[in-house]
Amino acid sequence: MLFRRIMVAAMFSGCLLSTASAQSQAESSARLFVELNSAEDVASACRLTFLVKNETGQPIDGAVFETVIFDTEGSVLNLSLFDFRDLPADRPRVRQFDLPNRTCDTVGQALINGANSCVVDGSESDICDSTLTLSSRVEMGLLG
């Protein structure tokens with residue numbers, strides 16, 4: 001009888017560990033992927049194009065990131081709020097932002113300082129900061 005209880009307890013604890021491990025893996029693979037995809041001069045502005053993939057498993061109602069633009073020497077040019085708007089789960093979105101009165105060859109890198117606002121299910125959430133993953137396909141760096 002004692003052996004049976006020990007075996008049941010061992011099987012139960014193994015199930016709990018397996019469930020906790022699977023949940024941990026799902027949480028750790030959740031990410032909000034932001035890629036600086038292109039930078040091009042248009043009219044009198046430098047246009048930055050971002051590809052965003054919301055792989056958090058939750059739709060984001062609105063995401064606004066505080067973004068700092070640096071010149072090629074590393075000096076701060078300006079600080080702006082980039083409104084990435086709604087980001088549906090598991091569907092890529094492209095967002096563009098113009099840096100007025102600037103050519104792209106004067107911009108060295110962009111820094112995502114953090115989420116100024118991130119709304120999920122009608123409430124502020126930290127998911128935009130906690131799962132943010134950055135990448136750049138262009139020579140201009142994207143930091144975070």
Side-chain angles (χ1 to χ4, degrees), residues 5-144:
R5 287 185 179 171
I6 291 172
M7 289 302 291
V8 169
M11 289 174 47
F12 182 71
S13 64
C15 287
L16 287 177
L17 288 174
S18 177
T19 302
S21 176
Q23 186 175 16
S24 177
Q25 283 182 334
E27 289 174 3
S28 67
S29 65
R31 69 181 186 156
L32 179 60
F33 177 77
V34 177
E35 174 189 83
L36 178 55
N37 188 274
S38 70
E40 64 179 325
D41 293 320
V42 292
S44 62
C46 173
R47 176 169 290 160
L48 303 179
T49 301
F50 293 88
L51 171 66
V52 183
K53 296 178 185 174
N54 177 1
E55 299 170 349
T56 65
Q58 302 177 53
I60 296 172
D61 303 331
V64 178
F65 288 99
E66 185 179 275
T67 307
V68 183
I69 303 299
F70 294 88
D71 68 14
T72 55
E73 302 298 318
S75 297
V76 172
L77 294 172
N78 68 356
L79 189 146
S80 302
L81 295 177
F82 284 6
D83 186 354
F84 284 79
R85 304 185 324 237
D86 63 307
L87 301 169
D90 301 320
R91 296 180 63 193
R93 289 290 183 257
V94 172
R95 304 292 190 233
Q96 293 182 316
F97 303 94
D98 288 350
L99 306 174
N101 304 318
R102 187 161 321 283
T103 58
C104 291
D105 64 351
T106 65
V107 178
Q109 58 189 7
L111 166 69
I112 303 292
N113 249 355
N116 179 272
S117 175
C118 180
V119 179
V120 175
D121 286 334
S123 300
E124 283 293 328
S125 171
D126 70 344
I127 197 167
C128 295
D129 280 323
S130 65
T131 63
L132 185 63
T133 303
L134 301 172
S135 175
S136 177
R137 290 179 57 103
V138 297
E139 195 170 309
M140 188 183 303
L142 180 62
L143 310 172

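Counting from 1, the numbers follow the sequence of the chain as shown. FYI, side chains are in, hydrogens and waters are out, and symmetry mates aren't considered; it's all heavy atoms of this structure.
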Distance in Å, [X] [atom1] paired with [Y] [atom2], rounded so as to fall on 0.5 Å steps:
X	Y	atom1	atom2	result
Leu77	Arg102	CG	CZ	4.5 Å
Asp71	Gln109	CG	CD	9.5 Å
Leu143	Thr67	CG	OG1	11.5 Å
Leu51	Glu35	CG	CD	5.0 Å
Glu73	Thr106	CD	OG1	11.0 Å

Close side-chain approach of [X] to [Y], heavy-atom, < 4.5 Å:
X	Y	answer
Val119	Glu124	yes
Val107	Leu99	yes
Asp98	Val42	yes
Ile60	Phe84	no
Arg137	Ser38	no
Val52	Arg85	no

| query | Are Thr133 and Lys53 close enough, and set up right, to give a side chain to side chain contact (heavy atoms under 4.5 Å, CB included), and what steps lead you there? | reply | CA-CA 10 Å; Thr133 303; Lys53 296 178 185 174; over 6 Å; no
| query | Does Glu40 come within less than 4.0 Å of Arg47, counting only side-chain N to carboxylate O? | reply |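 No.
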| request: Would you name the heavy atoms of Ala39 and Cys46 that are closest together and state the gap between them? | output: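 Closest approach of Ala39 to Cys46: CB-SG, 4.5 Å.
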| task | Keeping the roles fixed (side chain from Asn54, backbone from Thr56), state whether a donor-acceptor pair exists under 3.5 Å. | result |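 Yes; at least one donor-acceptor contact below 3.5 Å.
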| message | If we ignore hydrogens and angles and just use 3.5 Å, is the side chain of Ser130 paired with the main-chain N or O of Asp126 as donor and acceptor? | response |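 Pair found, side chain donor or acceptor close to backbone of Asp126.
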| Parallel, tilted or perpendicular: which fits the ring planes of Phe82 and Phe50, with parallel below 30° and perpendicular above 60°? |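 Perpendicular.
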| request: Kindly indicate, with the supporting measurements, whether the criterion side chain to side chain contact (heavy atoms under 4.5 Å, CB included) is fulfilled by Ile69 and Ser80. | output: CA-CA 8 Å; Ile69 303 299; Ser80 302; 5.5 Å; no
| task | For side chain to side chain contact (heavy atoms under 4.5 Å, CB included), just list the numbers for Asp86 and Asp61, CA-CA rounded to whole Å, side-chain angles, deciding distance to a tenth of an Å, and then say yes or no. | result | CA-CA 5 Å; Asp86 63 307; Asp61 303 331; 5.8 Å; no
